[in-house]
Visitor: 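I'd like to ask some things about the structure below.
Quick note: residue numbers are just sequence positions, from 1.
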Amino acid sequence: MRDRPIGVFDSGLGGLTVVQALADLLPSEDVVYLGDTARYPYGERSEDEVARFAEAIAHELVARDCKLVVIACNSATAAALDRLRSRIDVPVVGVVEPGLRAAAKATRTGRALVIATKLTAHSGVYERVASQIGIEVSTLACPGFVELVEEGRAEDPATVAIVRERLAPRLTSRIDTLVLGCTHFPLLARPLSEVVGRRTTLVSSADEVAFEVHDLLDRLGWRRTSSARGRLTLLTTGERARFALLAGRFLGARRAEVRTCRITALEGGGEAAGAAAG
Ligand code: DGL
């Protein structure tokens with residue numbers, strides 16, 4: 001088990017924020033990342049549909065020998081965490097609870113605003129888990145934000161105005177913490193910080209997820225201890241060149257192999273092409 005990769009998936013690029021945190025904490029682990037760009041944005045779809053996608057992707061990652069699956073997507077965590085835990089043969093980690101644990105550490109007022117996709121906001125998952133953890137949250141759906149990232153518009157000057165229009169009415173003085181309840185949103189950190197100002201702490205789930213994976217692998221005796229740096233393989237169900245370009249922008253100097261991948265259960269077929277990039 002120790003030498004098998006960790007499987008991570010999201011609807012697109014957002015889950016790479018979790019991959020980066022895993023690379024920092026668990027540098028020798030191999031990671032297979034699947035971005036389902038052919039079907040994004042998940043947040044505009046129904047829970048049933050996203051649960052079906054998530055299950056097919058998780059099976060694909062297990063078929064690729066992954067020892068553990070990280071659902072690096074809040075929408076898919078909301079729609080499918082319990083289902084995957086009961087149907088997948090390896091441990092499954094989601095992002096909602098880790099994100100709220102990070103928020104509980106950060107907040108002084110005990111009240112946080114969660115920004116998320118429509119699916120996640122309407123599922124009520126953040127309110128449910130927050131009440132177990134003991135903090136008060138309200139959730140704001142931010143349709144269109146995921147597209148800002150996938151279309152490479154995170155740094156456009158117009159993006160700040162779009163973010164401001166959506167968030168400003170909900171930023172009351174009692175809220176001191178903004179939970180990025182979508183793994184794409186850390187890629188909007190700059191416009192978000194500009195809008196919320198320095199008195200509000202931005203919190204993402206990425207580091208807490210990495211700690212959870214680290215502890216889980218330790219408990220199972222599956223943590224890789226080699227001194228060599230782990231390999232990162234990126235799979236996309238969408239257009240390879242575009243995914244490689246945007247992922248490369250995010251990953252900086254880190255090299256990764258980028259391949260296209262078809263999810264057999266969702267459309268038939270296997271792996272389509274492969275080449276190195278990063
Ligand atoms: N990164 C996904 C999430 O955390 C975005 C889902 C989408 O494609 O809308 O919810």
Side-chain angles (χ1 to χ4, degrees), residues 8-22 24 33 35-37 40-45 71-78 95-96 98-100 102-103 106-107 112-122 126 137-171 175-210 234 236 238 242-243 245-252 254:
V8 183
F9 75 92
D10 177 43
S11 65
L13 295 162
L16 291 176
T17 54
V18 174
V19 167
Q20 286 291 66
L22 287 171
D24 288 342
Y33 179 82
D36 190 15
T37 22
Y40 103 98
Y42 280 6
E44 302 295 312
R45 294 178 179 271
I71 311 177
C73 172
N74 290 263
S75 310
T77 300
V95 285
V96 170
L100 282 167
T107 183
L113 176 65
V114 180
I115 54 171
T117 65
K118 253 200 251 176
L119 186 158
T120 303
H122 295 166
Y126 269 94
V137 300
S138 58
T139 307
L140 174 67
C142 295
F145 281 23
V146 169
E147 287 87 332
L148 292 172
V149 173
E150 292 288 334
E151 290 165 11
R153 293 194 284 137
E155 303 293 327
D156 282 7
T159 298
V160 177
I162 297 170
V163 169
R164 192 183 307 281
E165 194 184 338
R166 191 77 198 148
L167 262 64
R170 296 290 293 272
L171 295 171
I175 285 168
D176 67 349
T177 303
L178 185 73
V179 181
L180 308 182
C182 170
T183 51
H184 280 73
F185 294 176
L187 299 166
L188 294 170
R190 203 174 314 186
L192 284 166
S193 304
E194 203 169 320
V195 170
V196 301
R198 65 160 76 112
R199 268 178 301 172
T200 306
T201 309
L202 300 193
V203 162
S204 98
S205 57
D207 289 339
E208 281 287 330
V209 170
L234 303 179
T236 173
R242 189 173 166 70
F243 190 80
L245 176 79
L246 292 171
R249 242 189 240 172
F250 175 71
L251 293 169
R254 182 146 190 226

Visitor: Residues two or more places apart in sequence or in another chain: which of them pass side-chain hydrogen bond (donor to acceptor under 3.5 Å, both in side chains) with T139?
Guide: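 side-chain hydrogen bond (donor to acceptor under 3.5 Å, both in side chains) list for T139, sorted by chain: E127.
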Visitor: Tell me, please, which residues at least two apart from R170 pass salt bridge (Lys or Arg N to Asp or Glu O under 4.0 Å).
Guide: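 R170: no salt bridge (Lys or Arg N to Asp or Glu O under 4.0 Å) contacts found.
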Visitor: First locate atom CD of E150, then atom CZ of F243, and finally report the distance between them rounded to the nearest 0.5 Å.
Guide: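 So the CD of E150 and the CZ of F243 are separated by 7.5 Å.
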Visitor: For A72 versus V95, what's the shortest heavy-atom pair and its separation?
Guide: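 Scanning both residues completely, I find the closest heavy atoms to be CA-CG1, 4.0 Å.
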Visitor: At their closest point, which heavy atom of S204 faces which heavy atom of A102, and how far apart are they?
Guide: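 Scanning both residues completely, I find the closest heavy atoms to be O-CB, 4.0 Å.
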Visitor: Is there a donor in the side chain of T37 and an acceptor in the side chain of T236, or the other way round, less than 3.5 Å apart?
Guide: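 Side-chain D/A pair, T37 to T236: present.
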Visitor: Of all residues at least two apart in sequence or in a different chain, which pass the salt bridge (Lys or Arg N to Asp or Glu O under 4.0 Å) check with R45?
Guide: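 Applying salt bridge (Lys or Arg N to Asp or Glu O under 4.0 Å) to R45 gives E49.
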Visitor: How would you list, by chain and number, every residue that makes a side-chain hydrogen bond (donor to acceptor under 3.5 Å, both in side chains) with T117, sequence neighbours excluded?
Guide: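 T117 satisfies side-chain hydrogen bond (donor to acceptor under 3.5 Å, both in side chains) with S75, T120 once adjacent residues are dropped.
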Visitor: Quick one: CG on L178 to CG on L167, what's the gap to the nearest 0.5 Å?
Guide: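 Rounded to the nearest 0.5 Å, the CG-CG separation comes to 6.0 Å.
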Visitor: Would you say that V146 contacts C182 through its side chain, given a criterion of any heavy-atom pair below 4.5 Å between the two side chains?
Guide: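 The answer is yes, as the side chains (C-beta and beyond) meet within the 4.5 Å cut-off.
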Visitor: Can you name the residues that form a side-chain hydrogen bond (donor to acceptor under 3.5 Å, both in side chains) with D176, not counting sequence neighbours?
Guide: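 Only T107, T109 meet the side-chain hydrogen bond (donor to acceptor under 3.5 Å, both in side chains) criterion with D176.
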Visitor: For A121 versus A116, what's the shortest heavy-atom pair and its separation?
Guide: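 A121 and A116 have their closest heavy atoms at N-CB, 4.3 Å.
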Visitor: I'd like to check the side-chain contact (heavy atoms from CB on, under 4.5 Å) partners of V149; sequence neighbours left out, ordered by chain and number.
Guide: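 Per chain and number, V149 pairs via side-chain contact (heavy atoms from CB on, under 4.5 Å) with H184, L187, L188.
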Visitor: Using every non-hydrogen atom in the two residues, find where A106 and T201 come nearest and quote the distance to one decimal.
Guide: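 Closest approach of A106 to T201, heavy atoms only: CB-CG2, 4.3 Å.
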Visitor: Could you work out, with salt bridge (Lys or Arg N to Asp or Glu O under 4.0 Å) as the rule, every residue matching E208, not counting sequence neighbours?
Guide: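 If we apply the salt bridge (Lys or Arg N to Asp or Glu O under 4.0 Å) test to E208, skipping adjacent residues, the hits are R101, K105.
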Visitor: Show me the pairs that pass salt bridge (Lys or Arg N to Asp or Glu O under 4.0 Å) and involve residues 189-204, at least two apart or across chains.
Guide: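 Counting only pairs at least two positions apart or across chains, the salt bridge (Lys or Arg N to Asp or Glu O under 4.0 Å) contacts touching residues 189-204 are E155-R190.
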Visitor: Test your reading of the model: is there a side-chain donor-acceptor pair from T17 to the backbone of G14, 3.5 Å cut-off?
Guide: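 Yes; judged by distance alone, with no hydrogens or angles, the pair exists.
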Visitor: Is it the case that the side chain of Y42 and the backbone of A76 share a donor-acceptor pair, with hydrogens and angles ignored and the cut-off at 3.5 Å?
Guide: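 Between the backbone of A76 and the side chain of Y42 there is no qualifying donor-acceptor contact (under 3.5 Å).
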Visitor: Taking only residues two or more places apart in sequence or in another chain, which ones pass side-chain contact (heavy atoms from CB on, under 4.5 Å) with S193?
Guide: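 In terms of side-chain contact (heavy atoms from CB on, under 4.5 Å), with neighbours along the sequence ignored, S193 is linked to L202.
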Visitor: To the nearest 0.5 angstrom, please state how far the CG atom of L192 sits from the CG atom of L180.
Guide: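 With rounding to 0.5 Å, CG (L192) is 6.0 Å from CG (L180).
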Visitor: By side-chain contact (heavy atoms from CB on, under 4.5 Å), which residues pair with D24, not counting sequence neighbours?
Guide: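 Listed in chain order: nothing, the list is empty.
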Visitor: State which residues pass side-chain hydrogen bond (donor to acceptor under 3.5 Å, both in side chains) with T77; sequence neighbours excluded, sorted by chain then number.
Guide: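 With neighbours one apart ignored, the set is empty.
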Visitor: Restricting to side-chain contact (heavy atoms from CB on, under 4.5 Å), what partner residues turn up for A103, sequence neighbours left out?
Guide: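 In terms of side-chain contact (heavy atoms from CB on, under 4.5 Å), with neighbours along the sequence ignored, A103 is linked to I135, T177, V179, V203.
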Visitor: First locate atom CD1 of I162, then atom CD of E147, and finally report the distance between them rounded to the nearest 0.5 Å.
Guide: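 Result: 10.5 Å between the selected atoms.
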Visitor: How far does CG of L234 sit from CG of L13, to the nearest 0.5 angstrom?
Guide: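 It comes to 9.5 Å.
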Visitor: Atom SG in C73, atom CZ in F9: separation rounded to 0.5 Å?
Guide: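 Reported value, rounded in 0.5 Å steps: 7.0 Å.
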